[in-house]
Every structure is written in structure tokens, then in C-alpha cells.
Amino acid sequence: MDIKMSRVWTIKAIFLVIVAVVMAIGGLQLFKHRHYMMPIVAGPGVTKVVKLSDYSRGLKGTMADTNVFFLEGKEEGGKMLLMANTHANEPAALLAALIFIENAEVEKGTLIIIPQFNHSASRNTKPGDGYPLYFEIPTNWGKKKIRMGNRDASPLDQWPDPDVYIHYPEEQLLSFIDVRNTNRTWPGRANGPLMERVTHGAMEIMRQEKVDIAVDLHGAETMFPVTNCIVAPDKSVRIATMASLTVKAREHFDSHVEPSPSGFRGLSHREIGDHSDTLPFLLEAPIPFLDQPTGPKTEKLLLDGKDPFLLSLSRKGKLFVSYDETGWPMEKRVGQHCSVALELLRQYSRKFPQREIEIRNVPRYAEVVKNGVGHYYHDPKKADKDKVYHN
Ligand SMILES: [Zn+2]
């Protein structure tokens with residue numbers, strides 16, 4: 001080999017080493033994120049914790065299996081299923097569900113909570129958009145570190161994607177990526193693609209446990225018309241309207257009602273109602289972080305919702321929510337989810353007193369805004385070991 005050739009090989013080898021080092025550093029961060037465990041302290045209301053695979057066998061041993069918290073009241077009554085992290089990049093939902101799990105005391109009826117519904121997506125990220133891998137919520141005892149996930153399940157858990165996703169059972173053609181989106185795979189199948197087994201598990205909970213109402217918590221862009229709202233099909237619309245009017249009058253925030261379109265398949269607010277006796281509701285709170293025309297996707301933007309580009313768009317009337325210098329902080333979004341979920345329960349219980357659900361010790365909007373979200377989380381180091389669940 002002449003000197004010129006050996007120099008080329010040396011340069012190639014150096015590049016190879018640099019690429020290997022970059023891949024190792026990046027890969028290690030992604031590996032740690034995928035395996036990071038967040039502790040949840042089961043509060044006084046939690047009576048048992050089971051796995052979603054107890055209702056959908058095909059999830060056993062997979063990364064899509066997830067914890068299901070039962071809070072059974074002293075007295076019999078109605079049942080509510082609360083789901084968060086259907087989209088794991090809309091974290092106000094998870095934060096609200098954790099407030100319920102760590103604090104709620106159930107007097108009457110049963111509360112069933114799945115805090116990380118798309119568990120695989122909670123261990124996925126969106127490198128192309130520069131998502132932070134984690135975010136931290138200040139508490140009275142330090143910072144609670146939480147994984148920031150993605151909208152869709154990880155391809156490590158469900159792969160390959162089809163060219164088009166054919167919805168079951170309606171056979172509507174959906175985008176290929178929706179096969180990993182647990183708000184398109186309802187009602188699901190026991191032996192379908194992994195995400196269909198997730199939604200099938202929730203359908204089985206609703207059918208077997210005779211759940212009265214299901215609330216699916218989300219966040220939506222401020223430039224998207226279906227934001228800051230309760231999405232409800234015809235059968236749920238009366239209760240949704242009462243809840244919307246009540247929070248507006250008593251708590252002074254907007255959460256209008258949007259009808260669930262009957263021709264758009266796979267969504268929780270459509271399929272749950274069509275395939276069970278449960279009344280579904282999907283709650284959207286604004287999440288400026290997900291809007292396209294923002295500055296960098298930082299942890300700060302995720303938490304305070306402040307962005308100069310959105311502010312200028314707001315002044316041009318391009319946003320579907322009111323927006324000013326105060327942004328849209330996390331505590332407002334989480335507080336809205338808590339209040340609207342509690343109000344749906346209250347309205348349901350008024351309409352069906354024989355299926356009443358009575359919960360105490362969950363804060364409403366004004367309290368969460370005043371005290372901050374972290375105020376309601378407990379220190380896992382000080383809790384009894386058998387009360388701490390790793391998620
Ligand atoms: Zn969503």
C-alpha cells in the first residue's frame with residue numbers, strides 16, 4: 001500500500017471512530033431514557049394495582065403492558081376509568097392522573113386509573129424535533145423527574161409499520177403511523193398489533209368491570225381548533241355540556257364541547273361509546289409546546305407554555321385559545337384536567353344517583369394554579385416500600 005492510500009485509510013478510520021463515539025453517547029442516553037423508572041406513590045385511596053395484561057393476555061411480557069390502579073370506595077357506586085399518556089408527549093394528562101392516584105379518597109364507587117396508557121410511547125422520543133428526554137416538577141421535597149414520551153409507540157416494540165393502517169373493525173384506511181397511535185387503534189383486538197391489544201385491554205376493563213364513564217386526558221396545539229375542550233359523542237354530550245357550563249360559571253375557565261365525528265374511526269371518544277355501555281369523554285388542554293411555529297422545544301417551553309412566536313400569532317388572531325405574555329403554564333392545564341374530570345363525575349352522579357361516584361381530596365383548578373402541581377406529589381423515599389410503584 002502506498003503512502004497516499006494509507007493516509008486515506010487513516011482518515012476513514014478516524015471518521016469511523018468519531019461516528020461510533022457519537023452513536024454510543026446518543027444511544028446510551030436513549031437506552032437510559034427507555035429504562036428510566038418513575039416512582040408513583042399509591043395514595044390512601046388505592047386498593048389494588050393490576051396489569052393491563054390481566055385484561056389483555058397478549059400484552060404479557062411486552063413493553064406495552066402497564067399498571068392499572070384501582071381506588072375502590074367504602075360504598076358501592078358507579079365506576080370511572082381515567083386514562084393518561086394515550087399520547088405520551090402531552091404530559092399534563094399524566095400529571096393530573098398522578099394527582100388522583102397519590103391523593104384521591106373514594107367514598108363511593110370506584111376509580112380506575114391507567115397513568116401511562118401508551119407505556120411504549122412513554123419510553124420513546126422524537127429526536128428530529130429535539131424533544132427533551134425528561135422534565136422535572138418542583139415539589140415540597142425536591143424535584144420529581146419524569147420521562148417525556150412521544151405520540152406513538154416505539155418501533156422497538158411494534159414494527160414494521162404497514163403502508164396503510166386498516167382500522168378494525170370498520171376497515172377505514174388510516175395513516176401508516178396510526179398503527180402505533182393508541183388514539184386510533186380503538187376498540188382493538190386481543191391478537192391484533194400490539195397497540196390494538198392495549199386498547200382492547202381497556203375495552204375489556206370497561207366491559208368486565210361495568211365502567212360507567214371513561215375519561216381520556218390529552219393536550220392539543222393552540223393552533224388546532226379542537227383544543228381546550230371536551231370531545232363527546234351524542235350519548236355523552238349532555239353531561240359534557242353541563243360540566244363545561246359549570247366550570248365556566250364557577251371556576252372561570254373555558255372548556256367547550258366538541259362533537260365526536262361519527263365517520264372518523266379509531267378514536268376513544270368514538271369507539272368506546274360504540275362498543276360498550278360506557279360513556280366516553282376526551283379532554284383537551286392547550287399545549288403550546290406541540291405547536292409547529294415555536295422556538296426550541298425546551299423543558300421550559302413544555303412547563304410554562306411561553307413562546308414569542310405564538311404571542312405574535314395570537315395578536316393576529318391565529319390561535320384557538322386566548323394567549324398572552326403569561327403563556328399557558330402547566331399548572332393551569334393540569335388544574336383544568338382535574339376540575340373537568342371531577343365535574344364530569346359530579347354531573348354523572350347527579351343524573352344517575354344509583355351509580356354515584358364520590359371522591360374527596362383531589363384539588364380543583366384554582367388550588368392547582370395556586371399551589372403548583374408538585375405540591376400534590378409525595379416523596380417516594382419517605383413512603384412505605386409496598387406503596388411505591390415504578391412506572
Ligand atoms: Zn392527544
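Small disclaimer: the values here were computed from a predicted structure and weren't measured. Numbering of ligands and ligand atoms starts at 1, following listing order.
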message: Using a strict threshold of under 4.0 Å (side-chain N to carboxylate O), is an ion pair present between Arg355 and Asp212?
response: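 The answer is yes: the pair qualifies as a salt bridge.
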task: Using a strict cut-off of less than 4.0 Å between a Lys/Arg side-chain nitrogen and an Asp/Glu carboxylate oxygen, indicate whether Asp274 and Arg265 qualify as a salt bridge.
output: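 Answer for the salt bridge query: yes.
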query: Closer than 2.8 Å to the Zn ion (ligand 1), do we get an N, O or S atom from Glu90, backbone or side chain?
result: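 An N, O or S atom of Glu90 is closer than 2.8 Å to the Zn ion (ligand 1), so yes.
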task: Looking at His218, pick out the N, O or S atom nearest to the Zn ion (ligand 1) and give its name.
output: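 Per the distance ranking, His218 contributes ND1 as its closest N/O/S atom to the Zn ion (ligand 1).
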query: Name of the His87 N, O or S atom nearest the Zn ion (ligand 1)?
result: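 Sorting the N, O and S atoms of His87 by distance to the Zn ion (ligand 1) puts ND1 first.
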- prompt: Side chains of Ser260 and His269: do they bring a donor and an acceptor to under 3.5 Å?
  reply: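 A pair is found: one side chain offers a donor N or O, the other an acceptor, under 3.5 Å apart.
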Derivation and outcome, side-chain contact (heavy atoms from CB on, under 4.5 Å), residues Thr294 and Phe289: CA-CA 7 Å; Thr294 68; Phe289 179 93; over 6 Å; no
